[in-house]
2 protein chains.
Amino acid sequence: MTAATPKGERRRQALVEAAIGLLVDGGFDAVRHRAVAERAGLPLASTTYYFDSLDELITVALDRHGRAELAYGKARLAELDPEECGGDAFIELVLDLLLGPAGDVEAVVLRYERLVATGRRPFLRPLMRELTVELHSLLLAIFTKAGKKISAEHVEDLIAIVDGTVVNALVEVSPDPRAAARRKLAAALARTA
Amino acid sequence: MTAATPKGERRRQALVEAAIGLLVDGGFDAVRHRAVAERAGLPLASTTYYFDSLDELITVALDRHGRAELAYGKARLAELDPEECGGDAFIELVLDLLLGPAGDVEAVVLRYERLVATGRRPFLRPLMRELTVELHSLLLAIFTKAGKKISAEHVEDLIAIVDGTVVNALVEVSPDPRAAARRKLAAALARTA
DNA sequence: AGAAATTTGGTACGGTAGTGCCAGATTCTG
DNA sequence: CAGAATCTGGCACTACCGTACCAAATTTCT
């Protein structure tokens, strides 16, 4: 179901934004018709009017959120100065792309929740596949522009190291997945360079 | 809440087993009082009698399941013949430890679901932390017994590669996380050796 | 302006969730 | 064996879920 009127479109977007917020704050389980409507300041029925099902709403929200992340990554790529890709700054850049800007642990959790959730929700697969492919090729572009000669395969390896480190770091007593990922990524890059 | 009578203990265990089955088949969301009771062939109220809350039931189920995996891993370690740790057999061994015996994709999903779920459910943290630590030290022992000289840190790296590869493989059109992990792990081991 | 399409929002329904209750049956204990 | 502790299991309450309905209001189109 799509909106046909400007105001309708605005409302639809408000619902999507609300769903994204709930997704970040509370994960998939938090996305309910009533919660979305309330967060958007709209009546309950608007959620079923603009979206055929909760799954569709979740999919659209994940899509918008994922593309916003990609847009952010592309902006970072565009403003990348090849001259000053010192080790640390570059590592932070890669982490920003893979985990989101520093400081938001819940956003990190959502990044991995959606990957794992795809294992049980096949309807997410096409979307998540596309987002993942784009993110990875974006990272390859960043490595390339930064002057690091690197194969697509090796980029995948580095991503795997970060992702694997993060999911394991989530069970630490006081989780700091970004710090853990930073350490491993630095070590891996040092090994290569 | 614990059982004080033999039959009570048996019933309690039956509920835990049922919860594990639901966990494997359908993830965290599938573990409901009624579903557990029905699967165990017991009345609804038995679930609230033996467990103070759903969270406790889930925790106990995850605990038992995790320790069964560790016991399996220890058995594999015990029967490991250092003489015949050819590359392929050894790789399969490591994958068996990290992903469970081959062929069960849902079990793999659960392995990572529980890690990520810990990000939103702090009450799982102590348990998951302990299980993770034990699994990692078990892997270190296996590498050692197999005659591979390797540091704890390097084992962590290899685990991260496998875990990162798996979570990314879950979004493939026809996911085969074990195959993907096998490829990356083989490459990483070849690099070291 | 007037008709048609779209949007609105209050309401209700059927289903399922977690949990509490409690009289009766069973098992343990001394 | 008697009394106490434990366990049983049916039932029901409240809350919340997704979804459907539909008359009224609004917007769009001719």
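We name chains A, B, ... by the order of the sequence lines, and we start the count at 1 in each one. Just so it is clear, the structure is predicted and the values come from calculations on it, not from any experiment.
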Item to check | Listed once per pair and sorted, the salt bridge (charged side-chain N to carboxylate O under 4.0 Å, His left out) pairs that draw on residues 100-110 of chain B, sequence neighbours left out | outcome: none
Next on the checklist: Side-chain N or O of B/R11 versus OP1/OP2 of D/dT8: is the shortest distance under 4.0 Å?
Outcome noted: yes
Checklist entry - CZ of A/R32 versus C1' of C/dT16: gap in Å, rounded? => result 12 Å
Checklist entry - How long is the line joining CZ of B/R12 and P of C/dT27, in whole Å? => result 20 Å
Checklist entry - Do B/H136 and B/I159 come within less than 4.5 Å of each other through their side chains, counting heavy atoms only? => result yes
Item to check | Salt bridge present between B/R182 and B/D176 (N-O < 4.0 angstrom) | outcome: no
Checklist entry - From B/R178 CZ over to B/E92 CD, what is the distance, rounded to the nearest 0.5 angstrom? => result 5.0 Å
Item to check | Within 6.0 angstrom of A/D81 CG, more than 12 heavy atoms from elsewhere | outcome: yes
Checklist entry - Once you round it to whole Å, what is the distance between C1' of D/dT28 and CD of A/E9? => result 16 Å
Checklist entry - Nearest 0.5 Å, what's the NZ-CG distance between B/K148 and B/L189? => result 6.5 Å
Checklist outcome for this item: Per-helix bend value, the helix from C/dA1-D/dT30 to C/dG30-D/dC1, C1' rotation axes over five pairs per end, 10° rounding, shows 20°
Item to check | Salt-bridge criterion met for A/R111 and A/E69 (N-O under 4.0 Å) | outcome: yes
Item to check | Distance in angstrom units between A/R10 CZ and C/dT6 C1', rounded | outcome: 14 Å
Item to check | Value in whole Å for how far the C1' atom of D/dC17 lies from CG of B/D29 | outcome: 13 Å
Item to check | Among D/dT8, D/dT19, C/dA17, the nucleotide that comes nearest once only the side chain of B/Y50 is considered | outcome: D/dT8
Checklist outcome for this item: B/F28 atom CZ is separated from C/dA17 atom P, nearest whole Å, by 18 Å
Item to check | Distance in angstrom units between A/L54 CG and D/dC16 C1', rounded | outcome: 13 Å
Next on the checklist: For DNA chain C, which residues of residues 33-45 of chain A approach it to below 4.0 angstrom with any heavy atom?
Outcome noted: A/R34, A/P43, A/L44, A/A45
Item to check | Below 4.0 Å: OP1/OP2 of C/dT19 and any side-chain N or O of B/Y49 | outcome: no
Checklist entry - Are A/R129 and A/E134 ion-paired here, with the side-chain N under 4.0 Å from a carboxylate O? => result no
Checklist entry - Is there a donor-acceptor pair closer than 3.5 Å between any side-chain N or O of B/R120 and the backbone N or O of A/D25? => result yes
